[in-house]
Visitor: 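Could you have a look at this structure, given as structure tokens, before my questions?
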Amino acid sequence: MQSSMIFFSGVVPPALRVRSVFTPANPATDRGSMASPSGGPKWAQKTITLPPQRRGCHLITSKILKEIGQDLSGFNCGLAHVFLQHTSASLTINENYDPDVQADTETFLNTIVPEGRSAPWRHTMEGPDDMPAHIKSSMFGCQLTIPITKGKLGMGTWQGIWLCEHRDAPTARKVVVTLNGI
Amino acid sequence: MQSSMIFFSGVVPPALRVRSVFTPANPATDRGSMASPSGGPKWAQKTITLPPQRRGCHLITSKILKEIGQDLSGFNCGLAHVFLQHTSASLTINENYDPDVQADTETFLNTIVPEGRSAPWRHTMEGPDDMPAHIKSSMFGCQLTIPITKGKLGMGTWQGIWLCEHRDAPTARKVVVTLNGI
Amino acid sequence: MQSSMIFFSGVVPPALRVRSVFTPANPATDRGSMASPSGGPKWAQKTITLPPQRRGCHLITSKILKEIGQDLSGFNCGLAHVFLQHTSASLTINENYDPDVQADTETFLNTIVPEGRSAPWRHTMEGPDDMPAHIKSSMFGCQLTIPITKGKLGMGTWQGIWLCEHRDAPTARKVVVTLNGI
């Protein structure tokens, strides 16, 4: 019923080396590391700006993969970390097929978190949808860690990455993706 | 009140080297890395298939440790990542002692997420328990990251790993465990 | 709209080496690794004991940074993992400015999870606030992973780390922080 544990040591065989163009964070100090031919465990980090989207749950797997897919291919085993830098939206993993699942999830969130006159919130100066947005953000969270297996995200067949926008006024959202592996 | 930060560099002393049998993902290309005697940071990844369990919350710490415990012992410091490849079940960390905590958590989830005739869901073609299962999956999440300290999972005394099955019909569930450390 | 992916290899240039005092977990076996001049990917781990706080949500970013800030400065790119070793409190990321957001979040949790005579819980022997605390712990979770960018936590402008205490009787809470990066 189970596969064997697959181990990876700290040295990457040439076939697995990252082919992406290196863009050192600080060319003056990073040059030394780039010249290294041995290729141990690799780290990569990128900030992605997602375009404004309407309130609700949105499948963003393809948007994320468009940004990191080529880089992912350089990792045989690792982890991809996706971090949303906001407190009124959230990231979650859920169904990637029927958009009704996204709509129903938005319905659930709106049912469970009161908004408007019936709501007991003190924090109202940024609008009636703001405090409910903060609560929903903590319910689903702002961070995902996903396994990398043989150059791809190791999600299940029906899993996708969702950005859930909890504010009425759409704004661009920043996501920091960090890849680590071998 | 605080302990000092403990640092680990990239070279593992012989006493800490992994004793597990290496099973390269691709024997043709991975052989080079396995021959490496230097042993820097290590990565290990394994897909575990958990047997079908009835709807509700189940303590699975011992099942997970049975699969990875021997491998864990090779890590002095690191992180264990556990990822459920499904959208109608969830992973969480909660009490490992009184089964009533599991039963009460299931009661809570069923109270908060409407099911059946009273439910407003559009996504109903896979049964009345399917859309509630998706929502519960995002509430608790499908991924855990747990510290590894001196060869063991660094959970608290009362913490355990739970698999929460949200569907009525039990099915086997796949979990990808990724270990990374030194 | 997007920045380029920044890659880091396994060798750290001298300017980025950790300046923190090394405290080997096991001086007898770790001495070898500390003598290593090459400085590949680094791991650091520390258990922090947070003082007892009253029931509710508390911003703890400065408390965490006081403990790990100096160590963080040694990482150019990486991940910080924060793990709460308890099942009746939680960690989440939310607004770092208006304390009303914390108060409203506590109001929400108390509204959604019944407590006292109206509650259907079986697990009551540790007090009426205990089972609700377990449920809230799974709703928000006990673990956070945050990107490290150029020696600092890569959170957004308005994000902070919250410890949510769900028990009436305040107790000290242990948090394991693990840093990994380059």
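Sequence lines set the chain letters: A, B, ... in the order given, protein chains first and strands last, and positions in each chain run from 1. Keep in mind that the numbers below use all heavy atoms, side chains included, and drop hydrogens, waters and symmetry copies.
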Visitor: Under a 4.5 Å cut-off applied to non-hydrogen side-chain atoms, are A/I146 and A/M155 in contact?
Guide: yes

Visitor: For C/T149, is it the side chain, the backbone, both, or neither that has a heavy atom closer than 4.5 Å to a heavy atom of chain A?
Guide: both

Visitor: Side chain, backbone, both or neither: which part of C/L144 has a non-hydrogen atom closer than 4.5 Å to chain A?
Guide: both

Visitor: Taking every heavy-atom pair that is under 4.5 Å apart, which of C/D98, C/T105, C/L109 has the most such pairs with chain A?
Guide: C/D98

Visitor: Which bit of C/L79 comes within less than 4.5 Å of chain A, counting heavy atoms only: side chain, backbone, both or neither?
Guide: both

Visitor: Looking at A/R54 and A/E165, does any basic side-chain N land under 4.0 Å from a carboxylate oxygen?
Guide: no

Visitor: Is any side-chain heavy atom of C/K150 closer than 4.5 Å to one of C/N76?
Guide: yes

Visitor: Check for me whether the distance between the ring centres of C/H166 and C/H134 falls short of 6.0 Å.
Guide: no

Visitor: Is it the side chain or the backbone of C/Q102 that comes within 4.5 Å of chain A heavy atoms, both, or neither?
Guide: neither

Visitor: Are any of the side-chain nitrogens in C/R55 or C/E115 under 4.0 Å away from the carboxylate oxygens of its partner?
Guide: yes

Visitor: Would you mind telling me which of C/G78, C/G141, C/A103, C/G160 has the largest number of heavy-atom pairs within less than 4.5 Å of chain A?
Guide: C/G78

Visitor: Side chains of C/L153 and C/P147: closer than 4.5 Å at any heavy-atom pair?
Guide: no

Visitor: Might you work through the side chain to side chain contact (heavy atoms under 4.5 Å, CB included) test for C/K174 and C/L84, ending with a clear yes or no?
Guide: CA-CA 6 Å; C/K174 284 192 177 174; C/L84 179 70; over 6 Å; no

Visitor: Side chain from CB out, backbone as N, CA, C, O: work out which of these in A/L179 comes under 4.5 Å of a heavy atom of chain C, or both, or neither.
Guide: side chain

Visitor: With a 4.5 angstrom heavy-atom cut-off, could you sort out which part of A/T178 is near chain C: side chain, backbone, both or neither?
Guide: side chain

Visitor: If you count heavy-atom pairs under 4.5 Å between each of A/T124, A/I135, A/V177 and chain C, which one has the most?
Guide: A/I135

Visitor: If you tally heavy-atom pairs under 4.5 Å against chain A, which of C/T145, C/N180, C/D100, C/I93 wins?
Guide: C/T145

Visitor: Using heavy-atom distances under 4.5 Å, tell me whether A/M139 contacts chain C through its side chain, its backbone, both, or neither.
Guide: both

Visitor: If I measure from the heavy atoms of chain C, does A/H81 come under 4.5 Å with its side chain, its backbone, both, or neither?
Guide: side chain

Visitor: Are the side chains of A/W121 and A/P128 in contact, using a 4.5 Å heavy-atom criterion?
Guide: no

Visitor: Using side-chain heavy atoms (C-beta onward) and a distance below 4.5 Å, is C/W158 in contact with A/S88?
Guide: no

Visitor: Could you tell me which portion of C/N94 (side chain, backbone, both or neither) has an atom closer than 4.5 angstrom to a non-hydrogen atom of chain A?
Guide: both

